[in-house]
Amino acid sequence: SIALHINHRLLQARTNRGVARYEKGDYDGAISDYDAALDIDPGNAATFLNRGRARLAKGHPEAAAADFSRFIVHDPTSEEAFLWRASARKELAEFEGAMEDCARALALRPESPAAYTVRGTVRMGVADQLVATNARKEAAEEWAAALRDHAEAIRLDPSLGVAWSN
């Protein structure tokens with residue numbers, strides 16, 4: 001019907017504008033557009049992934065993790081969603097959950113340079129937390145594991161700048 005066609009076009013317009021705003025760094029505008037898209041179609045899984053990315057960039061990792069979790073319910077085979085949620089969980093210092101998400105991503109795609117990079121970054125967070133509690137030996141082990149993860153990411157994709165910088 002015409003109403004469904006109009007709603008679909010409005011959903012696409014909101015989503016597309018949200019993506020454009022996100023890419024320009026207007027995270028508040030992107031979140032607003034994704035909220036409006038979800039008002040039109042609350043079951044649109046891709047919008048949860050997009051809104052989660054904007055929320056994480058805005059510094060709201062708890063809300064971002066919730067969005068990534070909602071996406072994962074719809075698509076439990078998305079390596080990308082598990083890695084985004086791992087990044088949000090790392091920001092929340094939920095390292096165990098972040099490591100589980102990295103393991104799920106690597107189970108889905110064992111040769112994923114992004115998964116090794118994210119896991120290495122999570123391990124760096126664990127190491128920092130261990131240093132803060134004077135567990136220096138354990139911290140050194142986590143740092144070494146993080147370096148191995150970043151080295152594997154570079155081996156898989158030598159152009160991966162994030163892995164080189166860590």
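Here, residue 1 is the first one in the sequence, and each next residue gets the next number.
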Rounded distance (nearest 0.5 Å) linking atom CZ of R21 with atom NZ of K24: 9.5 Å
R89 side chain vs G97 backbone, donor-acceptor pair below 3.5 Å: yes
Sub-4.5 Å side-chain heavy-atom contact between E96 and E100: yes
Close side-chain approach of F48 and L38, heavy atoms under 4.5 Å: yes
Approximate separation, where rounding is to 0.5 Å, of R104 CZ and T77 OG1: 10.0 Å
Minimal non-hydrogen separation, E79 against A114, with atom names: OE2-CB, 4.4 Å
Exercise: identify the closest heavy-atom pair between A45 and F71: O-CD1, 3.0 Å
Beyond-backbone contact of T121 with H150, side-chain heavy atoms, under 4.5 angstrom: yes
Min side-chain heavy-atom separation W143-M124 under 4.5 Å: yes
Distance-minimising heavy-atom pair for A54 and Y34: CB-CE1, 4.3 Å
Sub-4.5 Å side-chain heavy-atom contact between L83 and D101: no
Least distance between heavy atoms, G52 atom then F68 atom: C-CZ, 3.2 Å
Considering all heavy atoms, the nearest A30-G18 contact: CB-O, 3.3 Å
Straight-line distance of E111 CD to R155 CZ, nearest 0.5 Å: 6.0 Å
Distance in Å, E62 CD paired with D67 CG, rounded so as to fall on 0.5 Å steps: 11.5 Å
Nearest-0.5 Å distance that lies between atom CZ in R55 and atom CG in N50: 12.5 Å
Shared hydrophobic cluster, V19 / L49 (ILVMFWY, side-chain heavy atoms < 4.5 Å): yes
Short N-O contact, R136 and E141, less than 4.0 angstrom: no
Hydrophobic cluster membership, L106 vs W84, 4.5 Å side-chain cutoff: no
Positive for side-chain hydrogen bond (donor to acceptor under 3.5 Å, both in side chains) with R51, one of T15, D35, D33: D35
Charged tip of R53 within 45° of Y22 ring normal and under 6.0 Å: yes
Distance in Å, D41 CG paired with L11 CG, rounded so as to fall on 0.5 Å steps: 5.5 Å
Side-chain donor-acceptor pair present, N44, T47, cut-off under 3.5 Å: yes
Donor-acceptor contact below 3.5 Å, side chain R85 vs main chain A65: no
Donor-acceptor pair, side chain of T117 and main chain of P113, under 3.5 angstrom: yes
Pairwise side-chain contact, I72 with S78, heavy-atom cut-off 4.5 Å (strictly under): no
Heavy-atom pair of closest approach, residues V122 and C102: CG2-SG, 4.4 Å
Single-linkage hydrophobic cluster V126~Y116, side-chain heavy atoms < 4.5 angstrom: no
